[in-house]
Amino acid sequence: MRGIGRVLVWLTVAALAGASGVKASASDALFWGQGDYFFGSGEILWTSLPRYGLAKTWMSHPSAVSVLALDTEHDHMYWTGPDSIYRANLDGTDIEAVAGSFSFSEGLALDIANRQIYWTSWGGEIRRINFDGTEEVQLRAEGERLYGLALDLANDKMYWAAGDRGIYRANLDGTDKRLLAAGGGEPLGVAVDPAGRMVYWTDYQEGSLKRIDVDGLGPVEEIYSGPGNRPIGIALDLVANKVYWTDWGTGWIRRAELDGSAVEPLFRAPGRAWGLALGPEPPRVPPDVRENPHFTIEPVVVSGLLVSDSRVEEVVTRLGIPALNEAGEVAFVALDNFSSSLWKSHATRSLRLVARTGDPLAGLSVGVELRYFQESPLLFNEAGEMALFGKLTQRVGGPRLHSDEVILGVDAAGAVRVLAREGDTAPDTTLGSLFATFLYADLHLNDSGQVAFSAGLSNAPGSSDVTTDNAGGIWTVSNGAAAQLALRAGDAAVGGPSGSVFRYLKRPFLTDLGQLTFSGGIRVGPGGVTAADDVGVWGVGASGALDLIAREGNPAPGASPGTIFKQFGTHSSNGLGQIAFVTTADGDGNSLTGIWGPDSDGNLALLVQRNGPAPGVEGGVFDSFYYDIVLNEAGDLLFRATLSGYRYGEQGLWRRRADGQISLLALFGEQAPDLPDGVVFDDIETPGFNEAGEVVFVSGLRSGDATEAIDTAIFFADAAGQVSLVARSGDGLEVAPDDVRGVYYLSLDPGVVSGDLTTGGFNERGQVAFRAVFFDDSAAIFLASPVPEPVVCMPSHFGDLNGDYIVNILDISLVASCMSDPSGSDACRLADVNCDGAIDGADLDYVASRHGQSACGIGWELVVAVPLLALARRRRVNR
């Protein structure tokens, strides 16, 4: 890599521990330096090894960072820049230059016991200096560029790489130089295992990792190589027997066993990673809780703490991603040391155990019990009913289970029952037809408590009733009854050509009235169906009954005459039975990609198309659309798309109103709201949508020159399109008074089966339920609720609340009803007659004291107040 700064490797944690007298321990954090040697900027990043996958910035630096070395005994990090060696505390404070005035260094190592620093330089020198910056000496002058450096303090040796000349060894004072391995491509990073008597290095040109005996005996072993690799930095964890390395060719940081086996791609660095260091996670002062003017964030449950209701107490060790219903209740699956359990919270935030493994389930044979609840998907409706998947186990005796997956239903009282079980006879089929497979994406629960699911079928032993032509179907369950077959492969294809039959059925959805929508395929052959017109979507037609909405080969509404649908992706349904989908259409030799769905009259229409203008992006046009579109019950459409003519391939999130107005909510590379300047959106994940047109989504975040996301955040967009921050990784969240924990990453199920939000962590109140995993490995589930905009109190000093100019029982009843259920209506606002922020007995006493009195002469107060309140711009209050 001639002419370009590269990396060295730090010595291992075990080697450092041996030098300092500290007992070696397994490393739990990986640090690396990156930056641009020619243009100056650099940083040190780190990730936690038990939870690798998210990079955190440890320190930003005005110059490139190439080589790292950790002094855990004195809590210091050392690194090299273009012409200096720097040091800082492990918390990133007190940065200072220790040595300077040398050409670029790619070799750095520490002798902690003797408080000395060793380094190599491009000028061909190996030098040493004390930690305090005194007694700098030259140990060797090679005259040619030197790279990686590692120390074997126990045996008084040092090892270094000399580019294409090979790997060398000498005494710590620079004497007795010896060539261990000659030539190769271009050796760079070096690490040593004194106890295993092996020297390891990276070969940039040959794209490999190599090792040899510390005395140069025996052959050079190539323990790893791969196409496109350009390995740079290397580090050893001699407690866990792992080797780590960085790769400029692919961007990956990898690790393997010391012999090169069991290679794991750990992390794709957000820049060009150079040197590596292993050690403890950096000390962290609990981060401040970010002041959020838009949301109140309350913990629902915290892992590691006692979770209890009146029946049971348990310590939860793992939390699933939560679901949220319209009543503001949160449901989640939890694991303790011995069992899996299903919980839900009430609006008061008190927790209630719904069920746990080992509980008896009706319909199961003796000895068979629930082994665990599947964490996701968890469907949760307004009535408090649920649907989810689970696994069974044979507790004692009996034959081994043929299959152990089940679909579970939970009623509002918390009673759990098996709706369908793999290996059982599928209802409304022959005895030889058994449930074989369930698809997690093909489970739906509506607000009436009805469940729909699709399943594959197989034959019982000795049966041949199930064939390739009828091996699946859709079943529904209503009001505690047994599952019923709705449609099966081989049935007549509704709305299809005469004689056509279904080949498969998937993505079932039940409307508010229990009507079925789905996508499916029609068998080629019967009815003249061909491979060019065998896929379609079915929903509620104009007659209110199930009908074919669109099919390959059918005319594409809104396109030029002769254009027909060609190919369908995943569709979205709403509670009215309307359907939207992404597809392509062909006609006159042209191909059209777009999103079709209901227009303002409910008719199928082309809503958005490729090469159409992308609102909110000057000069931008839509290039492609993601399949995870969402259609809400108002007929609004939420979609993600990539652009051409702006920044090709970079994505954004748009909302299309039922009246056809399209607005941009978020765009890759643009400033993220409520965050410091320069923090921008990265990849925007699948969003959630409610009937009011409010949106929740998760996005990666980038800042500075980072090329990939280093944080994640949850955002909310209100009905007007104003986007605000809900929570961000790296910030602090309060799990209890005086207990603030730093967020490592955030998880949210946006609930994209449909716009009715019976799945996911988003509801019609605009509330968001999410899981946060913290840096200490604990986790919590939070509920974020929109903060209502302040409304000026409009007192009714004379007790006439309904404006009929007399104080009577109607006014008294209104105060009483608002005391028990303050809905946030204008009338209930007037019920706070003393403007103290509460509707209570004082308000009731005042209005009652004026019973029968006339309000003549003060009617103007109500005449003015009510319209003003109606016009006040605010979010829903007391959602």
Side-chain angles (χ1 to χ4, degrees), residues 361-374 376-377 379 387-395 397-409 416-445 450-478 481-494 500-510 516 518-526 529 531 534-536 538 570:
L361 292 179
L364 295 182
S365 56
V366 176
V368 178
E369 65 182 28
L370 188 66
R371 183 173 56 167
Y372 67 83
F373 294 99
Q374 187 74 31
S376 180
L379 287 67
L388 70 164
F389 290 90
K391 293 279 188 179
L392 301 178
T393 187
Q394 183 77 47
R395 182 167 57 88
R400 187 174 182 271
L401 294 179
H402 171 71
S403 182
D404 62 355
E405 188 160 63
V406 290
I407 298 176
L408 301 171
V416 182
R417 71 187 185 101
V418 175
L419 304 184
R421 174 183 173 185
E422 286 185 348
D424 281 357
T425 299
D428 304 324
T429 66
T430 58
L431 291 177
S433 302
L434 309 180
F435 283 131
T437 56
F438 301 122
L439 298 177
Y440 289 169
D442 286 6
L443 178 66
H444 183 247
L445 168 71
Q450 298 170 302
V451 175
F453 62 91
S454 67
L457 299 175
S458 64
N459 282 308
S463 173
S464 58
D465 293 340
V466 177
T467 69
T468 56
D469 294 332
N470 64 5
I474 293 174
W475 283 260
T476 61
V477 187
S478 299
Q484 293 182 315
L485 178 66
L487 286 167
R488 182 176 178 180
D491 288 351
V494 178
S500 61
V501 296
F502 286 117
R503 176 167 55 94
Y504 66 85
L505 306 113
K506 64 180 183 179
R507 297 283 288 183
F509 174 86
L510 289 171
L516 184 67
F518 60 92
S519 61
I522 305 176
R523 192 184 310 157
V524 173
V529 175
D534 64 336
V535 177
W538 283 259
T570 303

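Taking all atoms of both residues into account, the shortest heavy-atom contact from L516 to A452 is CD1-CB, 4.5 Å. For the pair L445 and L379, the tightest heavy-atom approach, listed with the atom from each and the gap, is N-CD2, 3.2 Å. The two atoms that bring S464 and N459 nearest to each other are C-OD1, 3.4 Å, heavy atoms only. The shortest heavy-atom contact between F438 and E422 is CE1-CG, 3.4 Å.
For the atom pair E405 CD and R421 CZ, the distance stands at 12.0 Å (nearest 0.5 Å). Going from atom CG of L457 over to atom CG of L434 covers 8.0 Å, rounded to the nearest 0.5 Å. Going from atom CG of L431 over to atom OG of S463 covers 8.5 Å, rounded to the nearest 0.5 Å. Considering CG of D442 and CD1 of I474, their distance stands at 7.5 Å, rounded to 0.5 Å.
Remark: T430 engages S433, D465 in a side-chain hydrogen bond (donor to acceptor under 3.5 Å, both in side chains) (not counting sequence neighbours). Under the side chain to side chain contact (heavy atoms under 4.5 Å, CB included) criterion, Q374 pairs with Y372, F389, Y440, sequence neighbours left out. F502 meets the ring pair (Phe, Tyr, Trp, His ring centres under 6.0 Å) test with F518, W538; sequence neighbours excluded. Not counting sequence neighbours, the partners of Y504 by the side chain to side chain contact (heavy atoms under 4.5 Å, CB included) test are K506, V535. The salt bridge (charged side-chain N to carboxylate O under 4.0 Å, His left out) search around D534 returns R503, not counting sequence neighbours.
Looking at heavy atoms from C-beta onward, L370 lies in side-chain contact with L408 at the 4.5 angstrom threshold. Side-chain contact between L419 and W475 is absent, with no heavy-atom pair separated by less than 4.5 Å. At least one side-chain heavy atom of Q450 sits under 4.5 Å from a side-chain heavy atom of S478.
A donor-acceptor pair under 3.5 Å is formed between the side chain of R523 and the backbone N or O of D469.
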List the atom pairs, with distances to 0.1 Å, where a side-chain N or O of residues 482-493 and a protein N or O form a donor-acceptor pair under 3.5 Å, not counting sequence neighbours.
residue: R488; atom: NE; partner: N470; partner atom: O; Å: 2.9
residue: R488; atom: NH2; partner: N470; partner atom: O; Å: 3.2
residue: D491; atom: OD2; partner: R488; partner atom: N; Å: 2.9

